[in-house]
2 protein chains.
Amino acid sequence: MVVDQGSAPDIDKVFQALADSTRRDIVSRVATSEFSVSGLASLYAMSFAAVQKHVAVLERASLVTKEKRGREQIVRGNHEGLAKARSLLDGYEALWRQRAGLIVDLLNEKQA
Amino acid sequence: MVVDQGSAPDIDKVFQALADSTRRDIVSRVATSEFSVSGLASLYAMSFAAVQKHVAVLERASLVTKEKRGREQIVRGNHEGLAKARSLLDGYEALWRQRAGLIVDLLNEKQA
DNA sequence: CTAACGTACAACCAAATGGTTGTAGATCAG
DNA sequence: CTGATCTACAACCATTTGGTTGTACGTTAG
């Protein structure tokens with residue numbers, strides 16, 4: 001398929017991970033600096049375990065990485081997942097722009 | 001501001017909508033041509049009602065629009081929701097590039 | 001008019017999600 | 001060593017999600 005970049009389950013994980021405002025906030029914070037999991041947890045009005053789960057979701061989506069440092073786990077932004085999502089949306093954008101001048105579009109109007 | 005970035009719940013809906021491969025396939029198909037809901041339903045190995053629900057999710061996320069034509073509902077791509085998601089991801093990308101410690105940054109990209 | 005088609009929507013179900021509390025293992029400070 | 005801190009993970013709960021079937025209604029074709 002034209003738009004497909006990476007396997008569907010992986011893309012599912014990326015968008016699913018981004019579909020939560022707490023997780024998006026974590027992504028934007030770790031994009032510019034490092035945080036321990038507990039450092040992140042102190043920012044939100046929810047339990048440590050809840051934040052831990054959010055970080056795990058982001059990690060599975062390749063949007064962040066964790067690295068053990070002493071007794072802390074340092075969370076950093078990971079470009080990989082973000083790039084996946086962006087390239088997919090760029091693909092849709094390209095399709096969309098392609099549509100404007102497409103005569104085939106008119107021919108296919110009744111097609112199902 | 002040129003592009004409205006949208007409220008958090010709206011963004012939630014867009015990413016949530018994109019976190020399903022059937023819905024992403026619908027988005028890519030209606031990006032270039034029109035489909036009735038039943039036309040879309042014939043493409044997937046699931047019930048009409050299931051596809052109807054997927055379209056409803058996409059519509060609530062402003063990723064598609066529906067327009068009644070006779071007894072059919074014509075589904076078209078809508079640029080609005082897509083633009084929302086893209087501008088948000090572009091924002092993350094910008095944060096990422098602003099990040100201090102650029103050497104470490106580049107090393108991380110090599111690994112990915 | 002009648003039958004078939006396209007849609008809408010409700011009710012139901014299993015699984016996933018987002019949160020909680022509690023327990024336990026490492027690691028650091030004193 | 002002891003205690004505080006950071007993390008991991010299990011169990012539990014309410015809500016949402018993604019699917020189903022069934023019913024109802026407007027629209028088009030014959």
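Keep in mind it's a predicted model, so treat the numbers as computed, not measured. Throughout, protein chains are lettered first and strands after them, A, B, ... in sequence-line order, and every chain is numbered starting at 1.
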Side-chain heavy atoms of B/K53 within contact of B/M46, under 4.5 Å: no

Give the rounded distance in Å between these two atoms: CD of B/E67 and P of C/dA8. 13 Å

Report the distance from atom OG of B/S36 to atom CZ of B/R71, rounding to the nearest 0.5 Å. 10.5 Å

Protein-nucleotide distance (A/D20, atom CG; D/dT15, atom C1'), rounded to Å: 14 Å

Measure the spacing between CZ of B/R60 and OG of B/S62 and express it to the nearest 0.5 Å. 11.0 Å

State, with a plain yes or no, whether a side-chain heavy atom of A/L89 is found less than 4.5 Å away from one of A/R86. no

Whole Å only: how far is the CG atom of A/L18 from the C1' atom of C/dG18? 16 Å

Axis-to-axis angle across the helix from C/dC1-D/dG30 to C/dG30-D/dC1, five pairs an end, to 10 degrees? 30°

Mind calculating the distance between CD (B/Q16) and C1' (C/dG18) to the nearest angstrom? 12 Å

Please tabulate the protein-to-nucleotide N/O contacts below 3.5 Å involving nucleotides 2-7 of chain C, giving atom names and distances.
residue	atom	partner	partner atom	Å
C/dC5	O2	B/R71	NH1	3.4
C/dT7	OP1	B/V37	N	3.2
C/dT7	OP1	B/Q73	N	2.8
C/dT7	OP1	B/Q73	O	3.3
C/dT7	OP2	B/S38	N	2.6
C/dT7	OP2	B/S38	OG	2.9

Side-chain N or O of A/S47 less than 4.0 angstrom from OP1 or OP2 on C/dG19? no

Checking all strands, does A/R69 fall into the base, sugar-phosphate, or nothing category for heavy-atom contacts under 4.0 angstrom? nothing

Grab the two heavy atoms, one from B/L82 and one from A/E93, that are nearest each other, plus how far apart they are. CD2-N, 4.1 Å

Interatomic distance where CG belongs to B/L58 and C1' belongs to D/dG18 [whole Å]: 13 Å

What does A/K53 touch in the nucleic acid at a heavy-atom separation under 4.0 angstrom: a base, only the sugar-phosphate, or nothing? base

Provide, to the nearest angstrom, the distance between the CE atom belonging to A/M46 and the P atom belonging to C/dT21. 13 Å

Does a side-chain heavy-atom distance below 4.5 Å link A/L40 with A/V37? no

Using only side-chain N and O atoms of A/K68, determine if any of them is under 4.0 Å from OP1 or OP2 of C/dT27. yes

In this structure, how many angstroms lie between the C1' atom of C/dA8 and the CG atom of B/L40, rounded? 16 Å

Can any side-chain N or O of B/E59 pair as donor or acceptor with the backbone N or O of B/T65 at less than 3.5 Å? no

Say whether, by atom type as modelled, one donor and one acceptor occur between the side chain of B/S87 and the main chain of B/K84 under 3.5 angstrom. yes

What does B/A49 touch in the nucleic acid at a heavy-atom separation under 4.0 angstrom: a base, only the sugar-phosphate, or nothing? base

Enumerate, atom names and distances included, each donor-acceptor pair closer than 3.5 Å involving a side-chain atom of residues 20-27 of chain A, sequence neighbours excluded.
residue	atom	partner	partner atom	Å
A/D20	OD1	A/T22	N	2.9
A/D20	OD1	A/R23	N	3.1
A/R23	NE	A/A17	O	2.8
A/R23	NH1	A/H54	ND1	3.1
A/R23	NH2	A/Q16	O	3.1
A/R24	NH1	A/L18	O	2.7
A/R24	NH1	B/D12	OD1	2.8
A/R24	NH2	B/A8	O	3.3
A/R24	NH2	B/D12	OD1	2.8
A/D25	OD2	A/R29	NE	2.8
A/D25	OD2	A/Y44	OH	2.6

Nearest-Å distance for atom pair NE2/P, residues A/H54 and D/dT7: 16 Å

